[in-house]
Structures are given as structure tokens and as C-alpha cells.
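Structure below; questions to follow.
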Amino acid sequence: MIETVREILTLALGALGIPAPERIEVEVPKAESMGDLATPLAMSLAKTLKRPPGKIAEEIVSFLNSKDIGLPDILRLRDDFEKIEVAGPGFINFTFKRESLYSSFAGLLRQGGASFRKDIGKGQKILVEFVSANPTGPLHLGHGRGAALGAALSNLLAASGFNVTKEYYVNDAGRQVGLLGESVFARYQELLGISYPFPEEGYRGEYVTGIARKIMETEGAKYKDKEFSRHADYFSKTACDMMLAAIKDDLESFGVTFDVWQSEKELYDKTEVEAAIDYLRGKGLIYEKEGATWFAATSFGDEKDRVLIKSGGQYTYFASDVAYHKKKADKGYDELIDIWGADHHGYIPRVGAALEALGYGKERLTVLLVQMVSLLRGGKPVQMSKRAGEFVTLREVIEEVGADMTKFIFLTRKADSHLDFDLEVAKAASAENPVYYVQYANARIGSIFRNAVQQGFLHEEGGADVRAALLPTDSSPDDLSPLAEPEEIRLLKKVLLYPSVLEAAVQAREPHRITYYLQELAGLFHPYYNRHRILTDERGLSFARLCLCRGIALVIRDGLRLLGVAAPEKM
RNA sequence: GCGCCUGUAGCUCAGUAGGAUAGAGCAACUGCCUUCUAAGCAGUGGGUCAGGGGUUCGAAUCCCUUCAGGCGCGCCA
């Protein structure tokens, strides 16, 4: 729909000799009296043309409305519209003919989900890295937010013609993992009745004792009263492996999967970190100062130079991150999307600088920041302190309020705003929650179709997807002409707008737009359902309404799938 | 002190690349299940878009500034 308007405007501007802007803005007007779609084009042109917007709009509109343009392309497109008129300060409002809506909708039914897809990515390779929580403890709610966003965004990108890889960066090297190992070691000794000083900054969560217990079960008292330093590798690696397995398990329960698990340790083992530093050294961007090795990040817009190798000889976290981003870029991805907690935002300039220095350009990096999640219970903040080991895990939340609902709540906010997640509210409101509102629309349609078969409106032809199996694939515009109620026209238009919503969501990298759209669509369907019967005595009407319902369900199921939320047929 | 994010209805949040009369859900109140699923529907009330300046035909949206909250500013990860 939006494309048609853009196209005809572009052609008109061309014919009138008016220079077209790069992007013609088309929007859904606030009130239905203003038509189906509108463009403020004339008003934005007023500046450059130095003419009143009303005049410009008038010129475009009268051109489009003249019968003898003699331009077949315009006439063909013009035929879709009931009217095109100037309104307000210079808006051009477009109203579609019913027939045109019917025929577009029939096309959507015929092509099914394929018609939602626009090839925006054109095969571009995108790597989406998200979650990437340290394997030193279970995932908490903040990680869940990143997981929901990353998964939904990846689905959305993949559905829009991008070649997407989902990756989790595992920080399995360095001090934190050592600390985890020693914490486990300490608990292990305790379990065997030996007192061992718990590391100052160790991990105090109960899961640490759990890991120690498992080691005790498999290895017995083998390490009893031994020196940690001699068994550090074993404890660290084992603990890290077990944590990672638990994290994968949590993510699976959350319905989030990854294509690649990139180990940080491997970057060291394969000397990729050294290689990255050498590469920069070769470009003269590395220098030694006060015993440390520095990267000249200021040359690329960072506010200070950054240490890669400490004076003590250890690599910094940043060093492996440079190598990691080099590796990602080397693989030929056109875009690297990193989803980080907002507390890492200060890190963006230095990673950008690194990519720039590596010859890839910082534009290749897109960092999406996910703001903090404040966990509440009945309006009171739940303390989350890793140090004290008190925090509510993602798993606990999933078990308490459900994965679908948790995801939907995350995806109903834009990433870059703080989020209060109240467990009591999420649970208490569970019967009237937005996610159910959307799912329920689909389930109701499922029920209608089951009834339609039972009552002989349609013949069942088998298959799990009742709707796909029942309706003829050659639905023609004529089948839809009985749809004349205002609610029905509204629904037709809303469904037809879905591809544009996806496009906008992809371009803005904002899956939450889908969430809102689905709520709006369901918000049109429920009242319609309540007011009008789908299965009536009139066969033609019933069939048309079934077609409408099928289109709605197709869109809802597609949208929910992209969000990673289930779309049950029955509720 | 510097930087980033946020501030919209009682609460939680949308507001689509500056556009027409600022929206939704929850909460509150009033009705609706012998008809395809009441996880639903119909109706009512609710706003200094944090404050102040500016840019222009037009600002919740862009710029400046003040205030409030959050997060960063390491040879931590």
C-alpha cells in the first residue's frame, strides 16, 4: 500500500519536474476522514521550492487527478485510488478503492507469508552477537532482555533478506574464570570438612556449591586439602564448562538459540590476539609506555589510548575484544551488531576505534544498548548483587511468569529505556496480559475455523494447519467483496500494512514495533469478532469473513514467530 | 567534573526520520456469557509531553539551558 503511494508520487514529481527527496514520507493519518494514507511531501518541499505547501500539493493532486495525463504508469497506479486530495496545511491524502484493497488482500492470502517479506538485506551478511554473559554465574533477567531482543532482531533480519549469524561470545579466559574456579575449590574443601579461605572477590552464589558438589560426586576426595594453584586449571575449566552448559540450558528454556559459541580462550590459544596486535603494530598504532603496550585509540576518535598488554604481561579484556572483532570482520560480515548492557556504553568508542584501525570502518559496527532491568516484587525492588550471591535468575523468572510473557514484556519496550519488571504484576495480570490478548485473537480464529469445518462451511483436506488446508489457493477479489463493514475495511487495511511495519522495524532495528502492531491488530479483531458473526447463513459473506480471519491469523502468527512467542491454536 | 541514556495519564510504556485533534495497557467506575473461546466486548473519567529559552509554516520529536533519576569515565571483566 505504502509502496503504491510512493511510486505514484515519485512518478508525478518526475513528470512535473520537481526534484524528489531521497525518501518520500508516507504515513497513516490520525483520523479515518483523512484517508488511508497521507504524505506531508508538499510541506517539506515548500522549503526548497520556496512556494507555499498548499500550492505544491494542489499542483501534484490536480496533476494526478487529470484524466488525460497520457502516462500509462501513473494511470495504472491511479486506478487503485478512490480519491486523492489536498487537506490541512498541505497534506496529500490518499483513499484506496475497496476493490483495490480486496485485490491486495487476496494477493496476500494467495502468497501467504511470502508476501510479508521484503528483500531489504539482499543477502548482506550480518552477525548479531548477544547475551555473551560471563560463564561465572547463571543468567539473570537483564541477560534475558538482551536474549529476547537479539533473537527477535535476528529473526526479523533473516526474514528481511539478511544472512544472519547469531553468536555468543564466551569469556572463558581471564581472572573472573579463575576466581570462579577458586570459589568452587573453596566450597569443595568445605564440603569435605576442610577450611579454606574464600577468595576475597569470589562468587558466593549457591550454584558455586552446587558445582563443587558435582565435582565431589565424580572426583571424590581427590583434591582434598590440596593446593589450589596446582589444580586451578581443572577447577576453572570444569566450573566454566558446567556454567556454560547451564546457561545454554536456560537459553533453550527461553527459546533462544545460537549458531556460534565463540570462545575467548580459543582466541588466545590460536594466537589470534597476538596476531591482531601485531597487525596494528605493523600499522604503527602500537607503542610501549610504562611497561605496558598501548593502542593509539585517540587517533580514531576515542578519548584516550587503551592498554592491550599490562605491565605485568597479561592481556587486557580489550585486547581479546580487538581480536574478536577482527575475527568477526575478517569473516566478511557487512555489519556487526553487538547487543550490550547499557553499562558498557563507554566501550563503544574504543571498539569502533579498533575496527577503524583494523581497516574496516566503525560504521560496520552497530551497538544496541539494552538498558537495565529493575526487578521488583510487589513494587519493592529485589536486591540483585552477584557478590552476595543474591539475585533472581532468568530461569526463576521463566518458571514464575512464563517464557512467552517474559519475552513479550521485554519486547514491548524499546531497548534503550529502563524497564521495571514487577514479578507480582506480571503474574497477577497474567490473565489480562498483552501477550494473551494477541495470542487469544489467533486462538479464536483457530476456533472459528474448526467450527467452520464442523458446520460444513469448508471441507477439510487434512494437514495440521487448518486454514492453509481449507481455503482455496485461488481466492479472488470477488470472494472478498461482501466485506463492507467499517471494521472489516479497517482490518483489511491494517493487515495490508504489516509488511511496512516489518520494514520500519528492520530499518530501525526495533522489534518492539511489531509487538505494538500486533496489539493494535488484535485490538481491531476482538471488537469485530464481538459485533459480527463470521459463520452466518450467507455463504458468500461467511467465506469472505473466513478469508479476512485467515489473513489476520497469518499476520499474527508471523509476527509472534518473529518475536519468538508461541501462537497456540487453542487457549 | 566529563560523557551516554531516560523524564509523556495514578502506574508501566508507545508515539513510526519535525506533521493534522498526543495514544495503548494496567488500575478505577458502569454494563454484557442459551449464538463461532468472557484470556473477550461496550461505556466513563484521566495530560503544564519534567521546567525555561530557541530554530520554522509546524516541536513530545531538533538545538541550548536548568532540574530529577540511571549508567559509565581502570594497566577490572
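Letters A, B, ... mirror the listed sequences (proteins, then strands); counts begin at 1.
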Applying a 3.5 Å limit to both distances, which nucleotide forms a Watson-Crick or G-U wobble pair with B/rU21?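 WC or wobble partner does not exist here.
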For a quick test of reading the model: is some side-chain N or O of A/Y440 closer than 4.0 Å to OP1 or OP2 of B/rC41?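 Negative; the distance criterion is not met.
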Is the backbone of A/V170 close enough, under 3.5 Å, to the side chain of A/S263 for a donor and an acceptor to pair up by distance?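 No: the side chain of A/S263 does not pair with the backbone of A/V170.
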From the options B/rA38, B/rC71, B/rC76, select the nucleotide whose nearest atom is closest to the side chain of A/Q176.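 It is B/rC76.
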Considering only side-chain heavy atoms of A/T316, which listed nucleotide, B/rC13, B/rC75, B/rC36, is closest?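 So the nucleotide nearest the side chain must be B/rC75.
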Tell me whether the side-chain N or O atoms of A/H345 pair up with the base of B/rG3 as donor and acceptor below 3.5 Å, since no angle test is needed here.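 Yes, a donor-acceptor pair under 3.5 Å.
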Which whole-number value in Å describes the distance from A/K47 NZ to B/rG58 C1'?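 Rounded to whole Å, this separation is 9 Å.
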When we call it a touch if two heavy atoms are under 4.0 Å apart, what does A/P527 touch: a base, just sugar-phosphate, or nothing?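 Contact class for A/P527: sugar-phosphate only.
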Taking atom types as they are modelled, is there a donor-acceptor pair under 3.5 Å from the base of B/rC75 to the side chain of A/S311?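 Pair found.
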So what does A/H526 touch, heavy atoms closer than 4.0 Å: a base, only the sugar-phosphate, or nothing?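 Sugar-phosphate, backbone atoms only, no base.
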Out of curiosity, A/Q371 CD to A/R145 CZ, how far, rounded to the nearest 0.5 Å?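 The CD atom of A/Q371 sits 7.5 Å away from the CZ atom of A/R145.
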Let me know the distance between CD of A/E487 and P of B/rC41, rounded to the nearest Å.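 Whole-Å distance recorded here is 13 Å.
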Hey, does the side chain of A/K414 come within less than 4.0 Å of B/rU16's phosphate (OP1/OP2), counting only N and O?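 Checking A/K414 against B/rU16: no side-chain N or O falls below 4.0 Å of OP1 or OP2.
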Across the strands shown, which category fits A/A31 at heavy-atom distances under 4.0 angstrom: base, sugar-phosphate, nothing?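 Contact class for A/A31: none.
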When you get a sec, tell me which of B/rC5, B/rC41, B/rA14 is the closest nucleotide to the side chain of A/S417?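 Ranking B/rC5, B/rC41, B/rA14 by closest atom to the A/S417 side chain puts B/rA14 first.
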Heavy atoms only, 4.0 Å cut-off, all strands: where does A/R531 land among base, sugar-phosphate and nothing?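 Nothing, no nucleic acid heavy atom in range.
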Between B/rG25 (C1') and A/Q439 (CD): distance, integer Å: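 Rounding to the nearest Å, CD of A/Q439 and C1' of B/rG25 are 16 Å apart.
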Residues A/R531, A/E485: salt bridge by 4.0 Å N-O rule: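 Salt bridge absent between A/R531 and A/E485.
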Please determine, for the side chain of A/Y436, which listed nucleotide (B/rA39, B/rG15, B/rC75) has the closest atom?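 Among B/rA39, B/rG15, B/rC75, the one nearest the side chain of A/Y436 is B/rA39.
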Looking for any heavy atom pair under 4.0 Å, which part of the strands does A/N171 touch: base, sugar-phosphate only, or nothing?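 Nothing, no heavy atom under 4.0 Å.
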Please work out if A/I348 contacts a base, only the sugar-phosphate, or nothing of the nucleic acid, heavy-atom cut-off 4.0 Å.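 If one applies the 4.0 Å heavy-atom cut-off, A/I348 turns out to touch nothing in the nucleic acid.
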Between B/rG69, B/rC36, B/rC75, which nucleotide gets closest to the side-chain atoms of A/V307?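 Closest nucleotide among those given: B/rC75.
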B/rA60 to B/rU21 separation - P atoms, rounded to the nearest Å: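 So the two P atoms sit 11 Å from each other.
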Establish, with yes or no, whether the OP1 or OP2 oxygen of B/rU21 is under 4.0 angstrom from a side-chain nitrogen or oxygen of A/K30.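 For A/K30, the contact criterion (side-chain N or O under 4.0 Å from OP1 or OP2 of B/rU21) is not met.
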Decide, for B/rC33, between syn and anti: a glycosidic angle within 90° of 0 counts as syn, anything else as anti.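 Base orientation relative to the sugar is syn.
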Please determine, for B/rC73, whether a Watson-Crick or G-U wobble partner exists with both distances under 3.5 Å, and give it or none.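 Pairing partner, where one exists within any strand: B/rG1.
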Taking the side chain of A/M34 as heavy atoms from C-beta outward, which of B/rA77, B/rA20, B/rA17 is closest to it?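 Within the option list, the nearest is B/rA20.
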Can you figure out which of B/rA20, B/rC73, B/rG70 approaches the side chain of A/A38 most closely?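 Selected nucleotide: B/rA20.
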Candidate pair A/T136 and A/Q176, rule side chain to side chain donor-acceptor pair (under 3.5 Å), full reasoning: CA-CA 7 Å; A/T136 51; A/Q176 298 306 317; 5.8 Å; no
Under 4.0 Å, heavy atoms only, any strand: does A/E25 hit a base, just the sugar-phosphate, or nothing?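 Contact class for A/E25: sugar-phosphate only.
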Per the ring pair (Phe, Tyr, Trp, His ring centres under 6.0 Å) rule, which among A/W340, A/W261, A/Y324 passes with A/Y169?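 Between A/Y169 and the candidates, ring pair (Phe, Tyr, Trp, His ring centres under 6.0 Å) is satisfied uniquely by A/Y324.
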Hey, does the side chain of A/R533 come within less than 4.0 Å of B/rU35's phosphate (OP1/OP2), counting only N and O?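 No.
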Could you let me know what B/rC41 is paired to, Watson-Crick or G-U wobble, both distances under 3.5 Å, or none if it's on its own?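 With both distances under 3.5 Å, B/rC41 matches B/rG31.
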When we call it a touch if two heavy atoms are under 4.0 Å apart, what does A/K570 touch: a base, just sugar-phosphate, or nothing?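 Since a base atom lies under 4.0 Å of A/K570, the category is base.
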For the pair made of OH in A/Y347 and P in B/rC76, what is the distance, rounded to whole Å?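 Atom OH in A/Y347 sits about 12 Å away from atom P in B/rC76.
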Gap in Å between the two C1' atoms, one belonging to B/rC2 and one to B/rU8, rounded: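 Looking at atom C1' only, B/rC2 and B/rU8 are 29 Å apart.
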Nearest to the side chain of A/H418, which nucleotide is it out of B/rG69, B/rC13, B/rC36?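 Among the listed nucleotides, the one closest to the side chain of A/H418 is B/rG69.
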Have a look at A/T515 and say if it touches a base, only the backbone sugar-phosphate, or nothing, with a 4.0 Å heavy-atom cut-off.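 Nothing, no heavy atom under 4.0 Å.
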Grab the NZ-P distance between A/K304 and B/rC2 for me, whole Å please.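 Computing the A/K304:NZ to B/rC2:P distance gives 15 Å.
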Nearest-angstrom distance from the residue atom OH of A/Y528 to P of B/rC41: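 Checked: the OH to P distance equals 15 Å.
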Respond yes when some side-chain nitrogen or oxygen of A/K310 is under 4.0 Å from OP1 or OP2 of B/rC76, and no when none is.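 Checking A/K310 against B/rC76: at least one side-chain N or O falls below 4.0 Å of OP1 or OP2.
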Are the side chain of A/H526 and the backbone N or O of A/Y440 linked by a donor-acceptor pair below 3.5 Å?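 Side chain of A/H526 to backbone of A/Y440: no pair is present.
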Do A/N93 and B/rA20 share a donor-acceptor pair, side chain to base, under 3.5 Å?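 For A/N93, whose side chain was compared with the base of B/rA20, there is a donor-acceptor pair (under 3.5 Å).
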Is there a donor-acceptor pair under 3.5 Å between the side chain of A/K327 and the backbone N or O of A/L267?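 Checked: no pair found.
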For A/T39 and A/A46, find the nucleotide of RNA chain B closest to each by heavy atoms; which residue's nucleotide sits nearer the 5' end?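 By nearest-heavy-atom nucleotide position, the 5'-most residue is A/T39.
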Taking a pair as Watson-Crick or G-U wobble with both distances under 3.5 Å, which nucleotide is matched to B/rC67?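 Base partner found: B/rG7.
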Do the side-chain N or O atoms of A/S132 get closer than 4.0 angstrom to the phosphate oxygens (OP1, OP2) of B/rA77?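 Answer no for this pair, as no side-chain N or O of A/S132 is under 4.0 Å from OP1 or OP2.
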For RNA chain B, whose closest nucleotide is more 5', that of A/H344 or that of A/H532?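 Per heavy-atom nearest nucleotide, the more 5' residue is A/H532.
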For A/Y529, which contact category applies under a 4.0 Å heavy-atom criterion: base, sugar-phosphate, or nothing?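 Here A/Y529 touches the bases of the nucleic acid.
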Are A/R545 and B/rC36 close enough that a side-chain N or O sits under 4.0 Å from OP1 or OP2?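 The answer is no; no side-chain N or O of A/R545 sits under 4.0 Å from OP1 or OP2.
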Which is it for A/D338 and A/H344 under the side chain to side chain donor-acceptor pair (under 3.5 Å) test, yes or no, and what are the steps along the way? CA-CA 11 Å; A/D338 287 7; A/H344 288 76; over 6 Å; no
